[in-house]
Amino acid sequence: QQQVKQSPQSLIVQKGGISIINCAYENTAFDYFPWYQQFPGKGPALLIAIRPDVSEKKEGRFTISFNKSAKQFSLHIMDSQPGDSATYFCAASKSNYQLIWGAGTKLIIKP
Amino acid sequence: DAGITQSPRHKVTETGTPVTLRCHQTENHRYMYWYRQDPGHGLRLIHYSYGVKDTDKGEVSDGYSVSRSKTEDFLLTLESATSSQTSVYFCAGGNTYEQYFGPGTRLTVT
């Protein structure tokens, strides 16, 4: 119940395409769903986050789609660029100062 | 985030030796966290702190201890290192809504 399942493990997308990463959870007590971006040799950094009272949040080329009934949320990267190549982590929290992390998706954008 | 530094950045040690990793912050975060990152497992919480001398276990705390005697410093100790503790260790500060990570320490136990 504490797990967050992330897919795919790796993803290759052509420049200009749409990258989509999916996450699923079981615990309905989770109330905050962030995405973190990690470049090689660096720590993760918060990219975008959503709460379950909205179905979509957009920041620039990055959009989170949230489906409460299916207990799924996804990250869409529009017009993917080589600089977006990184590892992406979804996470979930129930406001107890801890995050439960997905296993990560390594995204490669081919020029 | 330059506000969180970790030392050492790389360490090779032998099985059975104690190891201490240091995290230092300049952002006055109340909450601090130690994670390990392994391929296929994402980030797993080892221990966290919610104030000076206040710490609690995460999901993979066996074989690890922590101490926080000052707001700025959060130490992770491997009491007797094992090969299964070879990993990249990240310290973070912040809270549920945003965690700021240090650059990581790559630890190899031979």
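First the proteins, then the strands, lettered A, B, ... as listed; each starts at 1. The basis for the numbers below is simple: all heavy atoms, side chains too, and nothing from hydrogens, waters or symmetry mates.
- Scanning both residues, A103(A) and G40(B), for their nearest heavy atoms gives CB-O, 3.5 Å.
- Contact tally against chain B (heavy-atom pairs below 4.5 Å) for G43(A), A45(A), A91(A), P34(A): the top residue is G43(A).
- Taking every heavy atom of both residues into account, Y97(B) and R51(A) meet most closely at CE2-NH2, 2.9 Å.
- Both V4(A) and Y88(A) belong to a single network of hydrophobic side chains, linked directly or stepwise wherever heavy atoms of I, L, V, M, F, W or Y lie under 4.5 Å apart.
- V109(B) and Y35(B) fall into different hydrophobic clusters, where Ile, Leu, Val, Met, Phe, Trp and Tyr are joined by side-chain heavy atoms under 4.5 Å apart, directly or via other members.
- Q38(A) is not listed as a side-chain neighbour of F101(B), based on a closest heavy-atom distance of 4.5 Å or more.
- The number of heavy atoms from other shown groups lying within 6.0 Å of CD (Q9(A)) does not exceed 12.
- Remark: R22(B) CZ is packed, more than 12 non-hydrogen atoms of other residues, nucleotides or ligands lying under 6.0 Å away.
- Neither the backbone nor the side chain of Y50(B) comes within contact range of chain A, judged by heavy atoms closer than 4.5 Å.
- Only the side chain of R9(B) comes within contact range of chain A, judged by heavy atoms closer than 4.5 Å.
- At least one donor-acceptor pair closer than 3.5 Å links the side chain of Y36(A) to the backbone N or O of Q99(B).
- Annotation: the span from I100(A) atom CD1 to L43(B) atom CG amounts to 11.5 Å, rounded to 0.5 Å.
- By the criterion of side-chain heavy atoms lying less than 4.5 angstrom apart, applied directly or through intervening Ile, Leu, Val, Met, Phe, Trp or Tyr residues, F39(A) is not grouped with L107(A); the two fall into different hydrophobic clusters.
- Looking at L45(B), the atoms closer than 4.5 Å to chain A (heavy atoms on both sides) all sit in the side chain, from C-beta outward.
- The two atoms that bring Q37(B) and F89(A) nearest to each other are NE2-CZ, 3.0 Å, heavy atoms only.
- Open room surrounds CD on E14(B); 12 or fewer heavy atoms of other groups in view lie less than 6.0 Å from it.
- Note on V19(B): it does not cluster hydrophobically with F90(B), by side-chain heavy-atom contacts below 4.5 Å among ILVMFWY residues.
- Contacts of P44(A) with chain B are made by both backbone and side-chain atoms, with heavy-atom separations under 4.5 Å.
- Hydrophobic cluster membership is shared by V60(B) and M32(B), with clusters built from Ile, Leu, Val, Met, Phe, Trp and Tyr side chains linked at under 4.5 angstrom.
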